[in-house]
S.K.: 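A single structure is presented below for examination.
Throughout, protein chains are lettered first and strands after them, A, B, ... in sequence-line order, and every chain is numbered starting at 1.
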Protein chains: 2
Amino acid sequence: MKNECIDCVCVIKSMHTLQNCQVEELEHNHAVVKFKKGNFIIRQGMFSTNVVFLRKGVAKIHIAGPYREQIVRLVKGPTYLGLPTTFGDKINQYSVTAVLDCEACFIDLNVFKAILDDNRNFSSFIIQALSKSELESYRRCANRTQKQARGNLADVLLDFSDHIFNSDEFFLPISQSDIGNWVDASRESINRILSEFISDDIIAMNGRKITIKNKSLLQLISQNG
Amino acid sequence: MKNECIDCVCVIKSMHTLQNCQVEELEHNHAVVKFKKGNFIIRQGMFSTNVVFLRKGVAKIHIAGPYREQIVRLVKGPTYLGLPTTFGDKINQYSVTAVLDCEACFIDLNVFKAILDDNRNFSSFIIQALSKSELESYRRCANRTQKQARGNLADVLLDFSDHIFNSDEFFLPISQSDIGNWVDASRESINRILSEFISDDIIAMNGRKITIKNKSLLQLISQNG
DNA sequence: ATTATTTTGTGATATGTGTCACATTATTTC
DNA sequence: GAAATAATGTGACACATATCACAAAATAAT
């Protein structure tokens with residue numbers, strides 16, 4: 001358990017000025033928790049005084065919409081999870097659920113803030129992370145609304161392949177209805193398009209195992225709606 | 001021109017620790033520029049070493065999508081404009097266009113960063129602003145995708161009335177096609193729904209002047225899709 | 001003022017996808 | 001390992017909205 005924080009990516013990245021005493025303070029004010037897939041890591045509406053750092057695993061961020069839960073993004077550790085939720089309010093503004101087994105580090109908010117105050121590199125690291133994240137949501141917005149289901153599903157598959165699993169062969173971590181919810185399509189549409197992709201020999205499916213067989217065509221579909 | 005920065009909302013908010021020398025440094029490293037409606041304030045793809053603070057006016061943030069420009073949000077001064085764009089990259093990642101006459105303050109990025117480093121209150125103010133902004137985009141995402149055109153248009157009208165103009169009577173600052181683009185509907189649909197709202201006596205229109213006549217009904221429509 | 005351009009208004013039609021319905025697997029759960 | 005629950009497959013159909021096609025206003029440009 002020793003030196004856990006030292007190994008944390010975000011700590012490493014701002015190591016040059018994060019003093020040993022600060023690392024130690026982190027060390028004594030955090031708790032590493034494991035989550036099996038399907039479990040909540042952060043729950044909308046709950047009171048919280050922690051910052052959460054996702055060390056390992058994949059999780060979905062979802063928020064209560066007017067009718068149903070809406071998945072807004074999928075994240076992969078290592079990354080901070082609860083920054084936007086934690087800074088505005090002490091009540092969590094969205095939920096995070098593990099879609100694969102996860103390991104998360106809960107840091108006391110006050111300790112986190114104190115280190116943020118003491119350490120300019122750390123705070124600028126956080127500012128950059130938040131900025132990137134917002135940019136990403138702009139891009140997603142532009143993509144999702146302009147493409148139709150085929151293109152968005154292609155995007156999701158490419159995202160899994162390129163960013164989450166770094167392989168052309170992977171197990172779908174979420175159900176088809178979740179994919180549908182995420183890209184704003186019905187479960188049935190996702191299913192139909194997947195079959196279509198299979199019969200067009202773009203992918204192969206074996207249960208939830210997906211093999212991308214024609215990536216360039218998939219990229220084309222992703223681009224052309 | 002003196003004491004311009006002192007009057008800036010963001011400066012005021014972090015005044016307790018922003019030292020006079022810092023304000024002065026801001027004072028000497030910024031430029032206030034006026035924009036007529038329709039003009040670019042920030043242009044995607046352009047090199048920039050400034051942080052932009054929108055002092056007055058209303059502007060739209062839009063980003064190049066796969067097919068067309070996509071409006072992602074409307075903002076009203078006073079607010080920072082280019083934070084996400086400026087921190088990741090020196091190339092602007094999206095555009096901002098004045099939809100009403102605007103007044104923006106261009107601050108040198110290095111000066112801004114230096115003050116950020118020196119001033120913990122200021123940087124935590126920025127972190128909070130970014131967090132809020134990201135939260136907002138989650139919420140918008142959940143709303144837009146789950147509601148249909150009527151509900152989204154109702155949202156837009158309420159947003160104008162409640163947040164931008166603070167009045168039940170206002171001039172639409174953007175065209176119907178822009179509204180359509182923003183809420184992911186066609187110009188024609190927006191037009192038809194507006195007519196519907198008029199004949200249902202929910203709003204009145206006189207050119208671009210809108211009068212909300214039945215706000216509670218509008219709120220109902222906003223909630224129920 | 002007169003032309004050019006952008007916005008708005010409205011029908012007719014096409015179409016992508018949602019919804020419903022039900023059968024068939026997988027996967028939990030006890 | 002049986003029962004219960006959740007996740008898939010796939011057809012038939014409905015429907016919200018996009019698209020196309022023009023006409024009429026309203027703005028902007030010369």
S.K.: Is it true that A:Asp155 and A:Arg140 make a salt bridge, defined as a side-chain N closer than 4.0 Å to a carboxylate O?
M.R.: no
S.K.: Please state whether the phosphate of D:dT10, meaning OP1 or OP2, lies under 4.0 angstrom from any side-chain nitrogen or oxygen of A:Ser195.
M.R.: yes
S.K.: Could you go through the side chain to side chain donor-acceptor pair (under 3.5 Å) check for A:Asn214 and A:Ser216 one step at a time?
M.R.: CA-CA 6 Å; A:Asn214 193 339; A:Ser216 49; 3.2 Å; yes
S.K.: For B:Ile212 and B:Leu157, work out which heavy atoms get closest and say how close.
M.R.: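 What the structure gives for the nearest pair is CD1-O, 4.1 Å.
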S.K.: Ring-plane angle category for B:Phe106 and B:Phe35, please: parallel below 30°, perpendicular beyond 60°, tilted otherwise.
M.R.: tilted
S.K.: Could you state the atom-to-atom distance from CE of B:Met205 to P of C:dT7 in whole Å?
M.R.: 14 Å
S.K.: Check whether any side-chain N or O of A:Ser186 sits under 4.0 Å from OP1 or OP2 of C:dG18, and answer yes or no.
M.R.: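 Result: yes.
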S.K.: From C-beta outward on B:Gln148, which listed nucleotide comes closest to its side chain: D:dT10, C:dG16, D:dA16?
M.R.: D:dA16
S.K.: Record whether the side chain of A:Arg192 comes under 3.5 Å of the base of D:dG11 through a donor-acceptor pair of N or O atoms.
M.R.: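 Flag set: donor-acceptor pair detected.
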S.K.: Between A:Lys60 and A:Asp178 (salt bridge meaning N to carboxylate O under 4.0 Å), is one present in this structure?
M.R.: yes
S.K.: Over how many whole Å does the gap from A:Ile190 atom CD1 to C:dT19 atom P extend?
M.R.: 13 Å
S.K.: Give a yes/no on whether any side-chain N or O of A:Asn191 is located under 4.0 angstrom from OP1 or OP2 of D:dG9.
M.R.: yes
S.K.: Which parts of nucleotides 21-30 of chain D does protein reach within less than 4.0 Å, heavy atoms only, written one letter per nucleotide 5' to 3' as B for base, S for sugar-phosphate only and - for none?
M.R.: ----------
S.K.: How is the base pairing of DNA chain D summarised as a dot-bracket string, given the Watson-Crick and G-U wobble criteria with both distances under 3.5 Å, [ ] for crossing and | for another strand?
M.R.: |||||||||||||||||||||||||||.||
S.K.: Whole Å only: how far is the CG atom of A:Asn152 from the C1' atom of C:dG16?
M.R.: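 Value for this atom pair: 13 Å.
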S.K.: Does anything in residues 171-184 of chain A reach DNA chain C, meaning a heavy atom under 4.0 Å, and if so which residues?
M.R.: A:Asp184
S.K.: CD of B:Gln146 versus P of C:dT19: gap in Å, rounded?
M.R.: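 From B:Gln146 CD to C:dT19 P: 11 Å.
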S.K.: Between A:Glu136 and A:Arg73, does any NZ, NE, NH1 or NH2 come within less than 4.0 Å of an OD or OE carboxylate oxygen?
M.R.: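 Between A:Glu136 and A:Arg73 there is no salt bridge, as every charged N stays at least 4.0 Å from the carboxylate O atoms.
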S.K.: Parallel under 30°, tilted from 30 to 60°, perpendicular over 60°: which one fits the rings of B:Phe170 and B:Phe165?
M.R.: parallel
S.K.: Atom CZ of B:Arg150 to atom C1' of D:dA16: distance rounded to whole Å?
M.R.: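 Nearest whole value for this atom pair: 12 Å.
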S.K.: Check this for me, if you would: do B:Arg144 and B:Asp184 make a salt bridge, where the nitrogen-to-carboxylate-oxygen distance has to be below 4.0 angstrom?
M.R.: no
